[in-house]
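Written out below as structure tokens is the structure these notes cover.
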Amino acid sequence: MILAFDIIILIFMVVAAIIALNVKDLLSAAMIYGIYGFLICLLWAEMGAVDVAFTEASVGAGVSAVLFIATVYNTKRKSSD
Amino acid sequence: MTDQLPAIIVLTPMFGAILVSLLGNRDHRICFPIVLVSLLISLGASFGAAQEVFSTGAINYFMGGWEKPLGIGIQLRIDALNALVLLVIGSVSILTAFFSIRRIGEKNTEKTPQFYVLYLLLCSGLFGITIAADAFNLFVLIEVSSLTSYGLVAMGSSRRGTHAAFNYVIMGTVGASFYLIGVGYLYMKTGTLNMMDIRSILQSNVDIANSNAVTIAFLFILVGIWIKMAFFPLNGWLPNAYSYCPSSSACILAPLMTKVSVYVMLRVMISVFGLEWIFSHAQWSELVVWLAVIAILAGSIFALAQREIKKMLCYLIVAEVGYMVGGAWLADAEWWGLTGTIYHIIADAAMTLCLFLAAGIFVRRFNAVEISDLEGLFKKAPWTSVGFVIGGLAMIGVPPTCGFYSKFYLIRGGIDAGHWQFVAALLISSLVNAVLFFRIFEIAHFGNKPAEGHDHSHDANADEAPARQEAPLNALIPLLVSAAAILLIGLFNGQIVELIRVALEDFSTLALNLR
Amino acid sequence: MLSKVFATIAVVITGGLLLYGVMDFPAFGDPHSPPNAGVKGGGESISQYFITQTYRDTKVPNIVTAVLADYRGYDTMFETVVIFAAGMAIFAILRVVGDNNDPTKKELSSDDALSQKGDHNRIIIGTTCRIIIPIVQLFGLYVVAHGHHSPGGGFQGGVLLGSSFILLALSQNLNAALRRFSEKNYFTLAATGILIYAGFGVACQILEKNFLDYGVLQKVLFTDGPEMARSHSMLGVEVGVAFTVTAIMFSIYANLSSRGTLKDGL
Amino acid sequence: MVEFFEQHFNFWIYVILMMIGLWAVIAKNNLIKKLIGLSIFQTAIILFYVSLGVKENSTIPILDHHAPAAEVSADPHHNDEPSETGNHGELHPKAGHENDHHADAHVGAHAVEPDTMANPLPHVLMLTAIVVGVATLGVALALAQLIYKEFGTLEENEVLEIIKGGEAND
């Protein structure tokens with residue numbers, strides 16, 4: 001575990017979370033959520049939780065983002081907030 | 001064979017669900033027998049387990065045989081407290097299964113197998129929650145029952161139901177996550193997930209028991225469970241979710257979900273933290289009784305304001321949850337409040353089942369959604385009315401029914417503990433229930449419209465014609481059985497309370513000072 | 001606006017309480033904190049038991065897999081059940097059953113730039129995916145089978161396999177994926193997965209041990225010693241998990257992308 | 001205070017992420033945004049759990065069962081550790097005891113020092129939680145699509161207005 005690496009990813013994660021929630025375009029929000037998932041997966045690999053990282057990479061960054069995109073595509077892309 | 005009972009209770013409904021999903025699509029008629037058989041096996045196993053527990057003591061079951069050191073595997077435990085809850089779950093689920101036959105046949109026929117799969121998995125989850133003795137396993141099973149209940153609630157066709165189900169998903173997930181946070185804090189301080197293990201560490205190690213983290217853990221677990229059981233300020237999801245979902249879903253969810261959540265709260269209070277710890281560390285326990293008082297009053301007042309039968313019943317559930325939370329937190333010297341709460345779990349399951357079955361019949365048979373639609377019900381369907389009246393009387397708390405006795409024990413606890421506001425709230429709530437139900441009885445007997453006198457001549461010469469509107473047998477029998485259960489639970493309250501006292505005595509060696 | 005004020009208050013209170021609890025925690029990364037080393041006066045530390053004894057008990061080097069599939073196998077079974085229930089719930093909620101004449105035809109609004117139909121059959125995407133999908137599937141199978149020795153296992157492999165079908169549906173269209181993996185098939189596969197998992201458990205019960213006590217299966221699996229029986233059973237169980245997860249991941253995508261009609265898709 | 005902040009940096013970030021997620025769940029108007037918030041809330045909890053199991057200078061919880069015995073115990077960091085804490089000393093006899101069980105060639109590799117490996121239990125728990133999370137997300141997204149189909153919007157205030165309008169018409 002490298003502390004600097006840890007802190008940098010954590011700060012990136014907070015930034016990604018805030019952006020994902022504040023973007024008005026839902027497709028972008030879903031993509032940024034995918035980025036968030038990938039960052040958290042990196043963090044876990046770095047913390048020694050390889051299995052969790054693997055799952056998060058496939059579930060959080062992969063399938064979840066695809067499900068969000070599928071829903072956004074089938075509904076509306078613009079959000080009021 | 002008897003040592004395998006805990007596994008059989010939980011797993012049979014799950015196997016039933018798999019069978020239904022494999023075979024059900026080909027022929028829908030095969031679904032119901034599978035459901036019935038698997039639930040009957042579970043109920044039978046629960047009976048066997050209960051007998052075993054009351055004759056020889058608690059049954060411990062270690063999944064995968066990982067027994068030592070404690071906590072490496074997952075423990076299941078049936079003791080006197082949850083044996084009673086198991087029986088309640090088994091009986092309610094079988095009765096509701098009968099009720100659900102026709103309904104699914106009429107609408108959404110294509111989704112019948114999916115309904116039963118979710119139904120059985122819900123039962124499996126509830127059984128599992130009841131006998132789990134591992135804090136994280138409890139979370140997984142809460143999620144099993146929650147996810148299936150989201151599906152069951154959303155199966156209805158009304159627009160408002162969809163929105164209610166969405167809110168339910170959000171609230172339910174937040175509640176489960178709060179529980180998970182609490183378990184995490186507890187794990188951080190104790191290093192184990194097994195409930196018995198946590199308990200013994202909290203008892204033996206004063207430093208840990210006094211730490212902020214454990215208090216916070218308790219708070220978050222409690223709030224998480226309160227969200228699940230719709231305790232008053234957190235009840236936003238319940239009324240809409242239960243009143244706009246299909247009747248058969250409402251009949252399984254309303255009696256069981258909140259009661260099992262109350263049971264989980266008791267389990268966490270009694271055998272994870274220990275009552276001793278709670279009432280010496282949580283100075284805010286008085287506050288919880290006040291919250292319960294507010295919940296009871298708010299539930300009753302909201303119920304008065306409703307025009308729809310099911311919504312009114314939903315707000316009554318909110319009030320009943322207030323009873324149970326308040327009773328558990330009374331902390332009177334002889335634990336009558338706690339006894340009343342456990343008795344009320346059983347009694348309220350029967351009462352809620354009875355009333356929701358009746359409401360389901362009203363919707364299905366008479367298309368009666370609002371209270372004013374019930375006009376002339378007593379003549380049209382005398383047997384349905386019998387069930388409904390017994391349910392209503394139990395809700396009010398008229399003596400031979402179980403509703404009276406649970407209130408009696410709760411009030412006794414309130415008086416012992418000196419919480420007069422709780423006693424007053426119980427009495428006011430009874431009064432409100434009396435107003436509510438006698439209003440309905442009046443409408444059902446005399447009708448409420450000014451045109452009633454005009455219609456009366458029709459009724460007089462067509463006396464037997466409305467009699468044909470009696471509910472179908474598959475709905476009527478569960479209703480009458482649950483009504484009979486209300487009376488029986490009331491008549492045998494002495495024996496049941498005796499069992500509950502025995503159950504509490506089990507924990508008394510460590511934390512309770514009964515007598 | 002009011003809801004935002006309320007939310008801010010609620011969230012600040014929650015966060016404050018959580019931090020108040022954190023103040024008691026041992027420092028981050030402390031190897032002797034209670035989760036890592038147990039508490040004084042308590043029993044043996046669970047985590048240390050897992051690290052030191054897992055290989056002796058199960059002959060599986062990946063401790064996470066061993067704990068997941070054996071020590072806490074009951075949790076994992078119900079986790080699979082959760083996935084299965086989610087698939088069923090989504091079917092119950094969204095699926096438009098019967099031969100409908102598609103009343104949910106999309107309204108192509110101006111901001112729906114995504115829904116340009118022509119995108120799907122582009123030659124580059126099609127060709128790339130045709131090459132990549134078998135590799136993804138092969139990797140998924142490897143992850144399932146090699147979960148004992150390296151990171152991975154039933155969930156990860158199942159999600160990979162499921163996402164290979166999702167990729168097929170994305171690169172061509174949903175029907176192409178459904179031709180290979182129809183609705184009936186994936187629900188059967190999902191149920192079979194749980195049946196395999198629970199079957200291993202019940203087999204142990206038949207041999208008069210507790211549910212999921214794989215050690216006793218050595219009589220059936222002809223392994224030398226209960227440890228290898230555990231190891232092999234874990235593989236079987238992971239395969240069951242992978243079945244269910246593969247099937248349900250694809251079914252969730254198929255239903256969500258086509259609004260429950262299982263036509264067109266994205 | 002600074003020390004507290006430094007030592008619990010991960011926990012601070014977990015609380016912040018949790019607050020962001022929960023705030024979005026309560027306050028955001030768009031249903032998809034609520035769900036993104038919910039997912040962030042759940043990952044924050046997972047971050048908390050994984051942080052519980054981290055040990056300094058530890059490796060991943062997979063035993064290197066093909067490695068020669070010397071490699072694991074040759075790590076110089078651990079030679080001076082038993083003197084640091086009393087709790088530690090108790091573990092050595094157990095590790096030695098385990099050696100007796102195994103007379104095979106890789107014996108050193110599994111007589112592993114617990115402090116050299118991350119705690120596997122939180123990882124196992126969180127695998128479960130991640131999967132539960134995606135299952136919930138799927139159900140919630142299906143409901144969101146159904147709401148869009150029936151109300152034509154994903155904004156909560158508009159949905160509530162339509163419901164209120166429908167009630168007034170009754």
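Every chain is numbered from 1, with letters handed out A, B, ... down the list of sequences.
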Which distance, rounded to the nearest 0.5 Å, do you find between the [atom1] of [X] and the [atom2] of [Y]?
X: B:Glu143; Y: C:Phe78; atom1: CD; atom2: CZ; answer: 13.5 Å
X: C:Ile93; Y: B:Gln114; atom1: CD1; atom2: CD; answer: 12.0 Å
X: B:Trp66; Y: C:Arg72; atom1: CH2; atom2: CZ; answer: 13.5 Å
X: C:Glu208; Y: B:Asp3; atom1: CD; atom2: CG; answer: 9.0 Å
X: C:Ser47; Y: B:Tyr187; atom1: OG; atom2: OH; answer: 6.0 Å
X: C:Ile46; Y: B:Asp197; atom1: CD1; atom2: CG; answer: 6.0 Å

I'd like to verify something: which residue of [options] has the highest number of heavy-atom pairs under 4.5 Å with chain C?
options: B:Val117, B:Leu70, B:Leu122; answer: B:Val117
options: B:Ile74, B:Leu19, B:Thr192, B:Val144; answer: B:Ile74
options: B:Gly71, B:Gly151, B:Ala7; answer: B:Gly71

Report which part of [X] has an atom under 4.5 Å of a heavy atom belonging to chain C: side chain, backbone, both, or neither.
X: B:Asp134; answer: side chain
X: B:Leu121; answer: side chain
X: B:Ser211; answer: both
X: B:Leu118; answer: side chain
X: B:Leu11; answer: side chain
X: B:Leu152; answer: neither

Under 3.5 Å, is there a donor-acceptor pair between the side chain of [X] and the main chain of [Y]?
X: C:Gln205; Y: B:Ile8; answer: no
X: B:Asn212; Y: C:Gly21; answer: no
X: C:Tyr74; Y: B:Asn137; answer: no
X: C:Asn210; Y: B:Gly64; answer: no
X: C:Lys184; Y: B:Asn25; answer: no

Closest non-hydrogen atom pair between C:Phe211 and B:Met63, with its separation: CD2-SD, 3.6 Å

Exercise: identify the closest heavy-atom pair between B:Gly65 and C:Asp213: CA-OD2, 3.8 Å

Are any non-hydrogen side-chain atoms of [X] and [Y] less than 4.5 angstrom apart?
X: C:Val22; Y: B:Met188; result: no
X: B:Ser21; Y: C:Phe187; result: no
X: B:Ile18; Y: C:Thr192; result: no
X: B:Phe220; Y: C:Leu18; result: yes
X: B:Phe139; Y: C:Asp75; result: no
X: C:Ile194; Y: B:Phe15; result: no

Contacting moiety of C:Tyr214, where chain B heavy atoms sit under 4.5 Å: neither

Choice from [options] maximising heavy atom contacts with chain B below 4.5 Å:
options: C:Ala86, C:Pro34, C:Pro26; result: C:Pro34
options: C:Met23, C:Arg230, C:Glu79; result: C:Arg230
options: C:Leu195, C:Thr188, C:Val67, C:Ile90; result: C:Leu195

Aromatic ring proximity, centroids under 6.0 angstrom, C:Phe25 and B:Tyr185: yes

Over 12 non-hydrogen atoms of neighbours within 6.0 angstrom of OH in B:Tyr168: yes

